[in-house]
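Notes to accompany the following structure.
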Amino acid sequence: MTKDAVVMVSQYIAHIQTITSRATDLMEAAVLNLGKVEAGEPFNIIAENAKLEGTVRTFDAKTRDIVETEMKRYAERTAAMYGGTVKFKYHRLLDSVINETQSAQLVQSIARNSFGEDSVGTRNVSKGSDYPHHHACFNVVEESLKVSAELYGQYALSYIYISR
(Lines give C-alpha, C1' and ligand atoms only; values in the text may rest on other atoms or scores of the structure.)
Protein backbone atom coordinates (compact mmCIF):
# COMPACT_ATOMS: atom_id res chain seq x y z
CA MET A 1 0.00 0.00 0.00
CA THR A 2 2.93 2.34 -0.66
CA LYS A 3 4.92 3.92 -3.47
CA ASP A 4 8.39 2.46 -3.93
CA ALA A 5 10.93 5.10 -4.96
CA VAL A 6 13.55 2.44 -5.72
CA VAL A 7 11.32 0.84 -8.34
CA MET A 8 10.51 4.23 -9.85
CA VAL A 9 14.12 5.40 -9.98
CA SER A 10 15.34 2.11 -11.45
CA GLN A 11 12.76 2.30 -14.23
CA TYR A 12 13.66 5.94 -14.89
CA ILE A 13 17.36 5.12 -15.13
CA ALA A 14 16.72 2.29 -17.55
CA HIS A 15 14.50 4.41 -19.79
CA ILE A 16 16.55 7.60 -20.03
CA GLN A 17 19.53 5.69 -21.38
CA THR A 18 17.79 5.78 -24.76
CA ILE A 19 17.46 9.57 -24.92
CA THR A 20 20.83 10.23 -26.58
CA SER A 21 20.36 7.45 -29.13
CA ARG A 22 16.65 7.93 -29.89
CA ALA A 23 15.71 11.56 -29.27
CA THR A 24 18.78 13.48 -30.45
CA ASP A 25 20.49 13.86 -33.80
CA LEU A 26 23.16 11.17 -33.85
CA MET A 27 25.47 13.56 -35.70
CA GLU A 28 25.48 15.80 -32.60
CA ALA A 29 27.47 14.52 -29.64
CA ALA A 30 25.52 14.01 -26.41
CA VAL A 31 26.46 12.33 -23.14
CA LEU A 32 23.96 11.62 -20.37
CA ASN A 33 25.53 10.09 -17.27
CA LEU A 34 23.96 9.40 -13.90
CA GLY A 35 26.78 9.19 -11.38
CA LYS A 36 24.91 9.22 -8.09
CA VAL A 37 21.72 7.53 -6.86
CA GLU A 38 20.40 7.76 -3.31
CA ALA A 39 17.25 6.04 -2.07
CA GLY A 40 15.81 5.05 1.26
CA GLU A 41 17.37 4.98 4.68
CA PRO A 42 17.14 1.63 6.52
CA PHE A 43 17.51 -1.48 4.37
CA ASN A 44 14.24 -3.05 5.49
CA ILE A 45 11.89 -0.13 4.78
CA ILE A 46 10.38 0.67 1.38
CA ALA A 47 12.11 3.81 0.12
CA GLU A 48 9.88 6.88 0.16
CA ASN A 49 12.30 9.09 -1.78
CA ALA A 50 15.09 8.79 -4.29
CA LYS A 51 17.58 11.32 -5.60
CA LEU A 52 19.65 11.20 -8.78
CA GLU A 53 22.60 13.32 -9.82
CA GLY A 54 24.47 13.26 -13.06
CA THR A 55 25.73 15.23 -15.98
CA VAL A 56 24.73 16.07 -19.52
CA ARG A 57 27.34 17.20 -22.02
CA THR A 58 26.56 18.42 -25.52
CA PHE A 59 28.16 20.75 -28.05
CA ASP A 60 25.03 22.65 -29.01
CA ALA A 61 22.13 24.24 -27.17
CA LYS A 62 19.42 22.53 -29.23
CA THR A 63 20.66 19.05 -28.30
CA ARG A 64 20.95 20.09 -24.66
CA ASP A 65 17.34 21.37 -24.73
CA ILE A 66 16.12 18.07 -26.18
CA VAL A 67 17.93 16.02 -23.53
CA GLU A 68 16.58 18.19 -20.70
CA THR A 69 13.02 18.08 -22.07
CA GLU A 70 13.11 14.32 -22.51
CA MET A 71 14.61 13.70 -19.07
CA LYS A 72 11.83 15.74 -17.48
CA ARG A 73 9.15 14.00 -19.56
CA TYR A 74 10.47 10.55 -18.58
CA ALA A 75 10.63 11.58 -14.90
CA GLU A 76 7.06 12.83 -14.82
CA ARG A 77 5.64 9.86 -16.71
CA THR A 78 7.58 7.27 -14.73
CA ALA A 79 6.45 8.78 -11.42
CA ALA A 80 2.84 8.97 -12.63
CA MET A 81 2.94 5.37 -13.83
CA TYR A 82 3.79 4.24 -10.28
CA GLY A 83 1.51 6.74 -8.50
CA GLY A 84 4.39 8.89 -7.33
CA THR A 85 5.48 12.48 -7.81
CA VAL A 86 8.73 14.03 -8.96
CA LYS A 87 10.67 17.26 -8.45
CA PHE A 88 12.80 17.67 -11.55
CA LYS A 89 15.76 20.06 -11.28
CA TYR A 90 18.17 20.56 -14.15
CA HIS A 91 21.04 22.96 -13.54
CA ARG A 92 22.78 24.40 -16.59
CA LEU A 93 26.22 25.02 -15.23
CA LEU A 94 28.36 25.74 -18.29
CA ASP A 95 28.03 26.05 -22.02
CA SER A 96 30.26 23.98 -24.25
CA VAL A 97 33.77 25.23 -24.92
CA ILE A 98 34.43 25.44 -28.64
CA ASN A 99 38.03 26.48 -29.27
CA GLU A 100 38.80 28.52 -32.34
CA THR A 101 41.00 26.68 -34.84
CA GLN A 102 43.90 29.16 -34.69
CA SER A 103 44.12 28.96 -30.87
CA ALA A 104 43.94 25.15 -30.89
CA GLN A 105 46.70 24.92 -33.49
CA LEU A 106 48.86 27.37 -31.54
CA VAL A 107 48.67 25.42 -28.28
CA GLN A 108 49.33 22.14 -30.12
CA SER A 109 52.41 23.66 -31.75
CA ILE A 110 53.74 25.00 -28.44
CA ALA A 111 53.17 21.63 -26.73
CA ARG A 112 54.96 19.73 -29.50
CA ASN A 113 57.91 22.15 -29.67
CA SER A 114 58.36 22.56 -25.91
CA PHE A 115 57.65 19.11 -24.54
CA GLY A 116 57.79 16.69 -27.47
CA GLU A 117 55.12 14.84 -29.37
CA ASP A 118 54.48 12.22 -26.67
CA SER A 119 55.14 14.09 -23.43
CA VAL A 120 52.01 16.19 -23.01
CA GLY A 121 49.41 14.74 -20.67
CA THR A 122 49.13 13.35 -17.17
CA ARG A 123 49.31 9.62 -17.82
CA ASN A 124 51.81 7.92 -15.52
CA VAL A 125 51.19 4.20 -14.98
CA SER A 126 53.80 3.85 -12.22
CA LYS A 127 52.00 6.51 -10.15
CA GLY A 128 48.46 5.22 -10.79
CA SER A 129 47.56 8.03 -13.15
CA ASP A 130 46.43 6.06 -16.17
CA TYR A 131 42.64 6.33 -15.92
CA PRO A 132 40.56 8.63 -18.14
CA HIS A 133 38.66 11.68 -16.90
CA HIS A 134 35.34 10.86 -15.19
CA HIS A 135 36.68 7.46 -14.09
CA ALA A 136 36.39 6.73 -10.36
CA CYS A 137 40.18 6.16 -10.16
CA PHE A 138 41.18 9.27 -12.15
CA ASN A 139 44.18 10.94 -10.54
CA VAL A 140 46.47 13.74 -11.68
CA VAL A 141 50.18 13.42 -10.96
CA GLU A 142 51.04 16.77 -9.45
CA GLU A 143 54.34 17.09 -11.34
CA SER A 144 52.29 17.41 -14.52
CA LEU A 145 50.82 20.66 -13.19
CA LYS A 146 54.22 22.32 -13.72
CA VAL A 147 54.08 21.34 -17.39
CA SER A 148 50.53 22.69 -17.62
CA ALA A 149 51.52 25.99 -16.03
CA GLU A 150 54.45 26.36 -18.41
CA LEU A 151 52.26 25.50 -21.40
CA TYR A 152 49.64 28.10 -20.42
CA GLY A 153 52.34 30.72 -19.84
CA GLN A 154 53.97 30.06 -23.22
CA TYR A 155 50.56 30.09 -24.88
CA ALA A 156 49.66 33.45 -23.34
CA LEU A 157 52.95 35.02 -24.45
CA SER A 158 52.68 33.56 -27.96
CA TYR A 159 49.06 34.67 -28.30
CA ILE A 160 49.93 38.23 -27.26
CA TYR A 161 52.89 38.27 -29.67
CA ILE A 162 50.78 36.98 -32.60
CA SER A 163 47.92 39.39 -31.85
CA ARG A 164 50.13 42.47 -32.21
Look at the side-chain heavy atoms of Ile, Leu, Val, Met, Phe, Trp and Tyr, link any pair under 4.5 Å apart, and say whether Tyr82 and Val9 land in one connected group.
no

Please lay out, stage by stage, how Thr20 and Thr58 fare under the test side-chain contact (heavy atoms from CB on, under 4.5 Å).
CA-CA 10 Å; Thr20 57; Thr58 66; over 6 Å; no

Give me the atom names and distance for the closest heavy-atom approach of Ala23 to Ile66.
O-CG2, 3.3 Å

Say whether, by atom type as modelled, one donor and one acceptor occur between the side chain of Ser109 and the main chain of Gln105 under 3.5 angstrom.
no

So, the side chain of Ser148 versus the backbone of Ser144: is there a donor-acceptor pair under 3.5 Å, distance only?
yes

So how far is it from Leu106 CG to Thr101 OG1, rounded to the nearest 0.5 Å?
12.5 Å

List the steps, then state whether side-chain contact (heavy atoms from CB on, under 4.5 Å) holds for Met81 with Tyr12.
CA-CA 11 Å; Met81 187 168 61; Tyr12 177 71; over 6 Å; no

Same cluster for Tyr74 and Val37 if Ile/Leu/Val/Met/Phe/Trp/Tyr side chains link at under 4.5 Å?
yes

Quick check: do Met8 and Lys3 have side-chain heavy atoms less than 4.5 Å from each other?
yes

Flag if over 12 foreign heavy atoms under 6.0 Å of CZ, Phe88
yes

Please indicate whether Glu142 has more than 12 foreign heavy atoms, meaning atoms of other residues, nucleotides or ligands, lying under 6.0 Å from its CD.
no

Euclidean distance, Lys89 NZ relative to Lys72 NZ, rounded to 0.5 Å
13.0 Å

Taking everything shown except Glu48 itself, do over 12 heavy atoms lie less than 6.0 Å from its CD?
no

With a 3.5 Å distance limit and no angle check, can you tell me whether Ser21 reaches the backbone of Thr18 through a side-chain donor-acceptor pair?
yes

Run Val56 and Val31 through side-chain contact (heavy atoms from CB on, under 4.5 Å) and show every step you take.
CA-CA 5 Å; Val56 172; Val31 174; over 6 Å; no

Would you call Ile19 and Met71 a side-chain contact if the rule is heavy atoms closer than 4.5 Å?
yes

Closest approach of Asn124 to Val141 (non-hydrogen atoms, all atoms of both residues):
CB-CG2, 3.8 Å

Nearest 0.5 angstrom please: Tyr152 OH to Ile110 CD1, how far?
11.5 Å

For a quick test of reading the model, state the closest non-hydrogen atom pair linking Gln11 to Thr78 and the distance between them.
CB-CG2, 4.0 Å

May I ask you to decide whether Arg92 forms a salt bridge with Glu68, counting only side-chain N to carboxylate O separations under 4.0 Å?
yes

All side-chain contact (heavy atoms from CB on, under 4.5 Å) counterparts of Asp25, not counting sequence neighbours:
Met27, Glu28

Spacing of Glu76 atom CD and Lys87 atom NZ [to the nearest 0.5 Å]:
14.0 Å

Using modelled atom types and a 3.5 Å cut-off, is there a donor and acceptor pairing between side-chain atoms of Tyr159 and backbone atoms of Gln154?
no

Step by step, would you call Arg64 with Phe59 a side-chain contact (heavy atoms from CB on, under 4.5 Å)?
CA-CA 8 Å; Arg64 188 185 232 187; Phe59 285 118; over 6 Å; no

Is any side-chain N of the basic residue among Glu38 and Lys36 closer than 4.0 Å to the acidic one's carboxylate O?
yes

Arg77 atom CZ, over 12 foreign heavy atoms within 6.0 Å
no

Specify the closest pair of heavy atoms between Thr63 and Ala29, including all atoms of both residues, with the distance to one decimal.
CG2-O, 4.3 Å

Does CZ in Phe138 sit with more than 12 non-hydrogen atoms of other residues, nucleotides or ligands closer than 6.0 Å?
yes

Kindly determine whether Arg22 and Glu70 satisfy salt bridge (Lys or Arg N to Asp or Glu O under 4.0 Å), including the steps that lead there.
CA-CA 10 Å; Arg22 300 293 185 266; Glu70 290 298 298; over 6 Å; no

For residues 128-137, run the donor-acceptor check on the side chains, cut-off 3.5 Å, and write out each pair with its distance to 0.1 Å, sequence neighbours left out.
residue : atom : partner : partner atom : Å
Ser129  : OG   : Thr122  : O            : 2.9
Ser129  : OG   : Asn139  : O            : 2.5
His135  : ND1  : Cys137  : N            : 2.9

Nearest heavy atoms of Ala30 and Thr24, plus distance in Å:
CB-OG1, 4.5 Å

If Ile, Leu, Val, Met, Phe, Trp and Tyr residues are connected whenever their side-chain heavy atoms lie under 4.5 Å apart, and connections chain through other members, are Val67 and Val86 in the same group?
no

May I ask you to decide if Val6's main-chain N or O and Ser10's side chain share a donor-acceptor pair within less than 3.5 Å?
yes

Spell out, yes or no, whether Leu151 and Ile162 are grouped together once hydrophobic residues are joined by side-chain heavy atoms under 4.5 Å, including indirect joins.
yes

Looking only at atom types and distance, does a side-chain atom of Ser158 sit under 3.5 Å from a main-chain N or O of Tyr155, one as donor and one as acceptor?
no

Assess whether atom CG of Asn33 is packed by more than 12 heavy atoms of other residues, nucleotides or ligands within 6.0 Å.
yes

Write down the atom of Ile13, the atom of Gln17, and the distance for their closest heavy-atom approach.
O-CG, 3.2 Å

